[in-house]
Visitor: 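Quick one: the structure is below, questions incoming.
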Amino acid sequence: MKPLVKSLALLAALAAGAQVFASDTKPKVALVMKSLANEFFQTMEEGAKAHQKQHAAEYDLIANGIKDETDTAAQIKIIQQMIAEKVDAIVLAPADSKALVPVVKQAVDKGVLVVNIDNKLDDGALKEKGLTVPFVGPDNRKGAKLVGDYLAKQLKAGDKVGILEGVSTTFNAQQRTAGFQDAMKTVGAVVVGVQSGQWEMEKGNTVASAMLREHPDLKALLCGNDNMALGAVAAVKTAGKTGQVKVVGYDNIDAVKPLLAEGKLLATADQYAAKQAVFGIEIAVKAVKAKTPQNKMPGAIETTVDLVTK
Amino acid sequence: MPLFHGESLGKTYITPVLSHVSLELNEGEVLALTGENGAGKSTLTKLIAGLVHPTEGRMHLHERPYAPASRHEAEKLGVRMVLQELGLIPTLTVAENLMLGRMPSRLGFIRRSEMNRRATEQMAVIGLEGIDPRTPVGKLGVGHQQMVEIARNLVGDCRLLILDEPTAMLTSREIDHLFTQILALKRAGVGIIYISHRLDELQQIADRVMVLRDGRHIDTKPMADVVQNDIVRLMVGHDVSEERKRPIHETGPVALEVRGLGRGKVVRDVSFTMHAGEILGLAGLVGAGRTELLRLIYGADAKDTGEIHLEGSETPARIASPMAAVRKGIGLVTEDRKSQGLLLPLAIRINATLANIKAVSRQGWLRPAVERGQVGKLNEALGVKSHSIDQPAAELSGGNQQKVVFARWLHRDCKVLLLDEPTRGVDIGARADIYDQLEKLADAGKAMLMVSSDLRELMQVCDRIAVMSAGRLVRIFKRGEWTQQALLEAAFSGYLATQAPAQ
Amino acid sequence: MEDVSTSTPSTSFAGSLRGTLGNYAALLAALVMMVALFSYLSQYFFSANTFLTIANDIPAIVATSVGMTFVLIIAGIDLSVGSVMALSAAVAGIAMLQWHWSLAMAVLLAMGVGTVTGFLNGAISVAWRLPSFIVTLGMLEVARGAAYIATDSRTQYIGDAISWLSNPVLFGLSPSFLIAILIVVAAQLVLTRSVFGRQMIGIGTNEEAMRLAGVDPRPVKILVFAIAGLLAGLAGIIQASRLEAADPNAGIGTELVVIASVVIGGTSLMGGRGSVINTFFGVLIISVLEAGLAQIGASEPTKRIITGCVIIVAVILDMYRERRRSRRA
């Protein structure tokens, strides 16, 4: 039976290009994320699993993550395993926007549909390989600007602010910094420094402390994620400047809720981690069912980002 | 035309350890170099072998200026030194060690059979054809390792050979082979500098003898013109009576009894009794199982059979580890004091109180003043030559290092002391101190089991001598019953019935 | 440096003071030079504010480094400290948030968790004679995983309840800084003045010789790892108190910072030689460097390159100092 299925699959693939042989069973979808140690992806995974339970009849889900944010090699390995596992579609949050492109190409060549979420694959690299991969996700730059604009209402021209960036090599970190800068430019505030807090609380704390010492008249710290914002809030407190220096973050994780309530954190952005994966999965499942080939899939589907101040 | 010529050589670290020493060595000559520990023998030869650089003086080899920057450079010029510390790599085989740096190879791959064949030839030269060249060096006993080390230095071009205490660990059979080889080298025109404390050996093979004391050249004489006592007088600056007669004295009650002790084929069914106040010698060839027997008694290795009884008790003592042995009043002076005895970089003070730290501490905290007092006394009693008790053990000469190990067990005040080659690499003056100490310990009622490859030494200090051969204890001689001949016959007896020892 | 192995204590007080200062002079000079350099490069670096921030920043690293110094002295290594910090902070955070424990109880719990992991590190490597490198590498993963499970991979915000340890109480210094200083002093005393310290140094120098001298190395080694674990546990809660939150990702890579500090302080990776006071200087050098570079706004790659160079240069200098000293002895 098995060899027969295999040869049929091969025939089908040969006949219909990248067409997938999957019509008579439930589609199998792989969700490949970054670090499951990161609350954001934890939430994403839970959202995806909850969605699958509700739609158990429609598709099967295999969720996977890597050990830390930057372990690109491990993520590539997972995708290769998923190809070997003969999944019908992969929903991917790439650890690196360029390094993952070749393995995405492998997947597409094997007839697996790929949907990109969270961190956008590099356009240039995709074009070079002749790939179209739909990106389902928020516009981080827009989201950061939303947070920045809210902060700007409490600033005036000439005020000094600092930015804590995530891992500088990632697209999201760059986009969020750009969004913060857009907002600061509008109000005329001076960005005195952009330093990396590596997405981490401790690093964020160290860098924020140094900025506060070097610029005693700093008015605000704009943080690329909430973990760094937690570190920054602690630094502000240590410096005895609670209330004088405003802090904003990004991601709306559970741990910042009390800080928002106490006013120690002014604002953050929620880009609905749980929903992002679900959107990606829904698009993938639809495409598999409709037998849409990879290159006929839509280019980008933007998801919502909301400002959170309480 | 001398082969080698050194002119007012000197070496100063903080204080001078060698000054204004001149020497000449002719082709085909054996120059004996002797002196007490710390006299500067090792430093002088290390200068020649390129291990240490002189701070004064000049050297010439074949009438050309000679200033080796390293041991490697000296070796390229044919100057080689067999060090007291073994320079072998224990995990490599005998053949690999012998051929290190000149392994026969084809296209970068070692020609193993060729290498082993050459190694076998090389070992045969010094009478060790019985050793399989594929044996890892670490599996050999120290005596055999010493022979491999010597064999290694005879590979390739050798014009000046320095031997530093080469016979310290060898049996007389092996020594004979070595001497035959030295004579062959002499005939080939190789100049040899031979360091030894064993004056009888020097008389056997040396052409001239050079005596150093406190880093200075005392005298150089043709060997034929001197008798042993002259040399000793030159070395220490005064007379030392070599022939000590230990008084026969009453021994006390049984301190330790061993019944049927065994481990594999190394130690087989050994039984004997030791009394308080007695020095029991343990003679035998290298590999006869002497060190192994001490380690069994000490709990450092696990025994397969047998019992150990302490102080006449009928219940066997449970000695499963050295910790248990020490708790029960047994101490061990190891054969290899550098790797097993001492904490080399640490102070004399720390080394001496290791086994009895309770005596210098209160509730887990050290009492430095008490420690200084106790170690100071021990050092004085043993005559340890050092700047202070804070000097690292590594900086002491071999004899003084051994005294520090002794100090540790005097400090512990144990009832039974196991001594493995306690005078190995120790000069005559320091040896006399150690013999004195052994007698004092015996007088104080301690039981001692002393392994030594030097039969004369055993005959000099022991009350009884037990002889091991091929893992068995073959006979125990009482004082007065033994002769060198009888002891040797006993040592070989275990091998005669079956086969000769690995040789 | 205060070298417990071979220093020659002078009898007079002045002499011993001179000896002590001489031991620390090189590291102190390096520290002063760095402070001078950053004061020149940055407008606000040379201020009480900067030094107080650094002082209140380092207690966690100091505590962990003291433990690591002990471990390196017995010729071991503990790679699990960063994960153990995160795990004990996580457990303490859960205890405070969900079980409503008091801070004191949570501190005890964190230290208990640390001690247990350290004990396991020691006991496993002793029982099966495994290199501590492997055992603690395993524990690094186990403790990190356990921290994720304990917190459900979510940062736990604890808030003011835990911040007491890091709030200034005395001349702007926090209780955790005072605790860290206490730990340094106590550990140095243990190392130089206690039987346990002497046994640690002996085991690191030559374990076989210690065994043959009748000293059982096993309990000493297990205790050393347990102490390292306890201090990592304490460090975890100090860290959590400073940030008012327990982050399961806290302390990733901390083991490397800690090892660097200890080695800069002249402790040998081969065992047998080390000093807690010098480790403290090592921590100061690393954290002044980190604070200074951040304050002059150096970019991330620059920071890494400079930090790396400082580590290597410091160790090379220490090697020369050690050689000169042993020649003098």
Side-chain angles (χ1 to χ4, degrees), chain B residues 13-14 295 298-300 321-334 336-358 360-368 371-372 387-395 405 408-409 412 414 418 420, chain C residues 2-11 15-16 19 73-75 126 186-221 223 266-268 270-274 322-329:
Chain B
Y13 290 101
I14 303 301
R295 286 180 63 90
Y298 197 56
S321 68
M323 285 70 81
V326 172
R327 267 200 306 277
K328 291 185 156 62
I330 304 176
L332 171 71
V333 173
T334 53
D336 186 346
R337 59 181 165 263
K338 287 193 175 165
S339 74
Q340 302 191 322
L342 290 166
L343 306 176
L344 283 175
L346 304 190
I348 295 174
R349 168 171 63 85
I350 293 174
N351 275 289
T353 56
L354 217 52
N356 192 15
I357 200 114
K358 276 208 174 111
V360 294
S361 61
R362 188 192 286 144
Q363 280 157 2
W365 293 94
L366 297 167
R367 302 162 75 192
E371 183 176 54
R372 288 176 175 281
H387 301 313
S388 81
I389 57 170
D390 292 306
Q391 196 177 0
E395 294 173 8
V405 178
R408 176 187 303 163
W409 296 113
R412 171 76 203 186
C414 41
L418 310 172
D420 198 355
Chain C
E2 163 64 25
D3 195 301
V4 290
S5 55
T6 56
S7 67
T8 309
S10 315
T11 37
S16 91
I73 285 177
I74 62 162
V126 162
Q188 180 72 5
L189 282 176
V190 165
L191 184 60
T192 55
R193 297 285 169 82
S194 78
V195 171
F196 175 60
R198 163 100 29 118
Q199 287 172 342
M200 271 167 31
I201 295 164
I203 288 167
T205 308
N206 187 340
E207 190 175 332
E208 181 64 6
M210 288 297 278
R211 207 170 74 88
L212 290 175
V215 178
D216 192 346
R218 292 169 299 180
V220 178
K221 289 170 94 171
L223 186 55
T267 294
S268 164
M270 311 303 292
R273 180 165 69 86
E322 184 57 30
R323 264 193 214 159
R324 216 180 48 225
R325 201 188 50 74
S326 61
R327 210 169 292 158
R328 204 171 51 235

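Letters A, B, ... are given to chains in the order of the sequence lines, protein chains preceding strands, and every chain is numbered from 1.
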Visitor: What option among Arg295(B), Arg412(B), Glu371(B), Arg367(B) has the most heavy-atom pairs under 4.5 Å with chain C?
Guide: Glu371(B)
Visitor: Can we say Asp420(B) and Arg337(B) salt-bridge, meaning some charged N sits less than 4.0 Å from an Asp/Glu carboxylate O?
Guide: no
Visitor: Could you tell me whether Arg211(C) and Asp216(C) have a side-chain N and a carboxylate O separated by less than 4.0 Å?
Guide: no
Visitor: Between Leu342(B), Thr353(B), Thr334(B), which residue shows the highest count of heavy-atom pairs closer than 4.5 Å to chain C?
Guide: Leu342(B)
Visitor: Among Gly299(B), Ser339(B), Gly331(B), Ser361(B), which has the most heavy-atom pairs under 4.5 Å with chain C?
Guide: Ser339(B)
Visitor: Between the side chains of Glu207(C) and Arg218(C), is the shortest nitrogen-to-carboxylate-oxygen separation below 4.0 Å, so that they form an ion pair?
Guide: no
Visitor: Would you call Ile73(C) and Ile203(C) a side-chain contact if the rule is heavy atoms closer than 4.5 Å?
Guide: no
Visitor: Mind listing the closest non-hydrogen atom pair of Arg198(C) and Ile350(B) along with its distance?
Guide: CD-CG2, 3.5 Å
Visitor: Checking Ala300(B) against chain C: side chain, backbone, both or neither under 4.5 Å from a heavy atom?
Guide: both
Visitor: Under a 4.5 Å cutoff for heavy-atom pairs, which residue among Leu343(B), Val326(B), Leu354(B) has the most contacts with chain C?
Guide: Leu343(B)
